[in-house]
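Structure first, then comments.
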Amino acid sequence: MPGLGLGRLVEGLREQTEGFAEAVAGGDPEAVVPTCPEWRLRTLVAHIGLADRWAAELVRTGRPVPAPDPAAVNPGVPGVPGEWGAWLRAGADELVGAVREAGEGSQAWSFFGTVPAAFWVRRMLSETAIHHCDAALTTGAAFGIADDLAAEVITEGMELMADPRAETAVPKLALLRGAGERLAFRPYGMDGWVITRLPEGLRWERGNGPADVVVSGTLTEVMLVLARRRPPGEVTGEVTGDRALLAHWLAHTLM
C-alpha cells in the first residue's frame, strides 16, 4: 500500500512530469537514450505521454486496454520538442482526472490483476521518475527528486516484485528466488530496505538489519542503483559484501 496519500502522489507525478518535460525540452528527438539504447529521445517522450493516457483509460473502463507502442506511429504525439512539455503535462492531468472522477478506491485493471485506481498514479510516478533520469542522462539536464518520492519509488518497486502475481507478469523474476540471501539498500540517515530471497519468492522489509551485501548512499543514489540507472560503484557511499549477489539481483530485477 502507498506510504503517501493520493494528494502527494498527484503532486509527485506532476513534479516529475515537469522535471521530465524540462529535461527533454530542446533535446534532439533522434538522440539515443544511453540507459534505454533501443529508444530515441522521441520514443522516451512518447512512452511517458502515452502511458499516462493508457493508465487513464484503464481507470475509466476498469478493463484491459492494449498498451500503446511508443515506437510506432501514434497520432497526437508531438514530433516537435517545443510541444512536448504541454503534451506530457496534459497526459498526467488526464490520469489524475480519471482517478479523481472514478474515486481512488474504485477498481482498475493492471498487469497484476485488479487494483485500486490510485495504483496507477503511483505507478506512473515511479515510471516518470525513472525515465526523468533517462531523459536527463540523454540531454545533460540535471535530475532531482524529493526524498519522500524517491522512497515511494523504491517501496513501490519492492511491493511489485514481492507480489505473488509478479512472476506471471514478469517470468524472469523467478530467477530472484533464493535460499535466504539478503540484500540491503541503506540511504544515509534513515531506515533502508532489506530484501530476502526465499525459495518461494521475495520478502522485503524496512530497516537496517544484517545482509550479505549492503549498498549505501544518498536516497536518490539508492533509488537509481535499484533502477539500474547508476552503477553501484558510483555512489557516494560504498558497497560491502557479496558483489556477485548484487550483480545477479540487478541483472534480473524489475525496477
- Task: Given side-chain contact (heavy atoms from CB on, under 4.5 Å), test F185 with L183 step by step and report yes or no.
- Result: CA-CA 7 Å; F185 298 88; L183 303 91; 3.9 Å; yes

- List the steps and the verdict of side-chain contact (heavy atoms from CB on, under 4.5 Å) for F119 and L9. CA-CA 10 Å; F119 166 95; L9 292 174; over 6 Å; no

- Message: Under the criterion side-chain contact (heavy atoms from CB on, under 4.5 Å), I'd like the reasoning laid out for E15 against I145: C-alpha separation, chi angles, the key distance, then a yes or no.
- Response: CA-CA 8 Å; E15 287 173 20; I145 184 170; over 6 Å; no

- Message: The test is side-chain contact (heavy atoms from CB on, under 4.5 Å); show your working for C133 and L224 and say whether it passes.
- Response: CA-CA 8 Å; C133 176; L224 294 178; 3.7 Å; yes

- Go through the steps for E94 and R60 under the test salt bridge (charged side-chain N to carboxylate O under 4.0 Å, His left out), then give the verdict. CA-CA 10 Å; E94 183 175 335; R60 283 192 293 262; 3.0 Å; yes

- How far apart are the C-alpha atoms of R8 and E11, what are their side-chain angles, what is the distance that settles it, and do they pass the salt bridge (charged side-chain N to carboxylate O under 4.0 Å, His left out) test? CA-CA 5 Å; R8 180 57 180 142; E11 289 177 353; 3.3 Å; yes

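Scanning all heavy atoms of the two residues, the minimum distance from A23 to A136 falls at CB-N, 4.1 Å. For G26 against P81, the heavy-atom pair with the smallest separation is N-CB, 4.1 Å. The minimum heavy-atom distance linking T236 with Y188 is given by the pair OG1-OH, 2.9 Å. For the pair F112 and L160, the tightest heavy-atom approach, listed with the atom from each and the gap, is CE1-CD2, 3.1 Å. Nearest approach of L250 to P232, heavy atoms of both residues: CD1-CG, 3.7 Å. The heavy-atom pair separating L219 from P187 by the smallest distance is CD1-CG, 3.6 Å.
Side-chain heavy atoms closer than 4.5 Å link hydrophobic residues (I, L, V, M, F, W, Y) into clusters, and following such links, even through other members, never connects M223 to L137. There is a path of hydrophobic side-chain contacts, each under 4.5 Å, that joins L13 to L4. Under the 4.5 Å side-chain heavy-atom criterion for grouping Ile, Leu, Val, Met, Phe, Trp and Tyr, V222 is connected to M190 within one hydrophobic cluster. A continuous path of Ile, Leu, Val, Met, Phe, Trp and Tyr side chains, each step under 4.5 Å between heavy atoms, connects V33 with V24, placing both in one hydrophobic cluster. Put simply, V59 and V10 are part of the same group of oily side chains (I, L, V, M, F, W, Y) that touch within less than 4.5 Å, one to the next.
Sorted by first and then second residue, the pairs that involve residues 215-233 and meet salt bridge (Lys or Arg N to Asp or Glu O under 4.0 Å), not counting sequence neighbours, are D134-R229, E221-R230. Evaluation of the salt bridge (Lys or Arg N to Asp or Glu O under 4.0 Å) test over residues 184-204, restricted to residues two or more places apart or in two chains, returns none.
Screening E104, E156, E159, E127 for a salt bridge (charged side-chain N to carboxylate O under 4.0 Å, His left out) with R122, the sole residue that qualifies is E159. Among the candidates V215, T253, V153, I154, the single residue satisfying the side-chain contact (heavy atoms from CB on, under 4.5 Å) test with L226 is I154.
Of the possible polar contacts, one joining the S216 side chain to the E238 backbone as a donor-acceptor pair under 3.5 Å is found. Put simply, the side chain of E57 never gets that close to the backbone of A55: no donor and acceptor are under 3.5 Å apart. Of the possible donor and acceptor atoms, none in the side chain of D69 sits under 3.5 Å from a partner among the backbone N and O of A67. When atom types are taken as modelled, the side chain of D212 and the backbone of D242 share no donor-acceptor pair closer than 3.5 angstrom. Using modelled atom types, one side-chain atom of W54 and one backbone atom of V65 make a donor-acceptor pair closer than 3.5 Å. Counting only distance, with no hydrogens or angles, the side chain of W84 and the backbone of P78 share a donor-acceptor pair below 3.5 Å. In this structure, the side chain of R182 engages the main chain of P210 through a donor-acceptor pair within 3.5 Å.
In this structure L173 satisfies the side chain to side chain contact (heavy atoms under 4.5 Å, CB included) test together with M161, A166, E167, V170, L176, L254, sequence neighbours excluded. When the side-chain hydrogen bond (donor to acceptor under 3.5 Å, both in side chains) test is applied to R53, no partner is found at least two apart in sequence or on another chain. Remark: D163 engages R165 in a side-chain hydrogen bond (donor to acceptor under 3.5 Å, both in side chains) (not counting sequence neighbours). For H131, the ring-ring contact (aromatic ring centres under 6.0 Å, His included) test picks out W39, H47, with sequence neighbours left out.
Counting heavy atoms of neighbouring residues, nucleotides and ligands inside a 6.0 Å radius, atom CD of E205 exceeds 12 of them.
A donor-acceptor contact closer than 3.5 angstrom is absent between the side chains of Q107 and T114.
Side-chain contact between N74 and V77 is present, with heavy atoms from C-beta onward closer than 4.5 Å. Contact of the L41 side chain with the P29 side chain is not registered, since no non-hydrogen atoms from C-beta on lie closer than 4.5 Å. The shortest side-chain heavy-atom distance between T196 and L202 does not fall under the 4.5 Å cut-off. Looking only at side-chain heavy atoms (C-beta outward), V235 and V225 come within less than 4.5 Å of each other.
For the atom pair CZ of R100 and OG of S106, the computed distance is 13.5 Å after rounding to the nearest 0.5 Å. Of the inter-residue distances, the one linking R14 atom CZ with L125 atom CG reads 12.5 Å to the nearest 0.5 angstrom. Atoms CH2 and CG, on W87 and D52 in that order, are 8.5 Å from each other to the nearest 0.5 Å. Summarising the geometry, atom OG1 belonging to T128 is positioned 8.5 Å from atom CG belonging to L88; distances are rounded to the nearest 0.5 Å. In this structure, R89 CZ and T17 OG1 are separated by 9.5 Å, a value rounded to the nearest 0.5 Å. To the nearest 0.5 Å, atom CD of residue E152 and atom OG1 of residue T155 are 6.0 Å apart.
When ring centroids are compared, W120 and F111 come within the 6.0 Å threshold.
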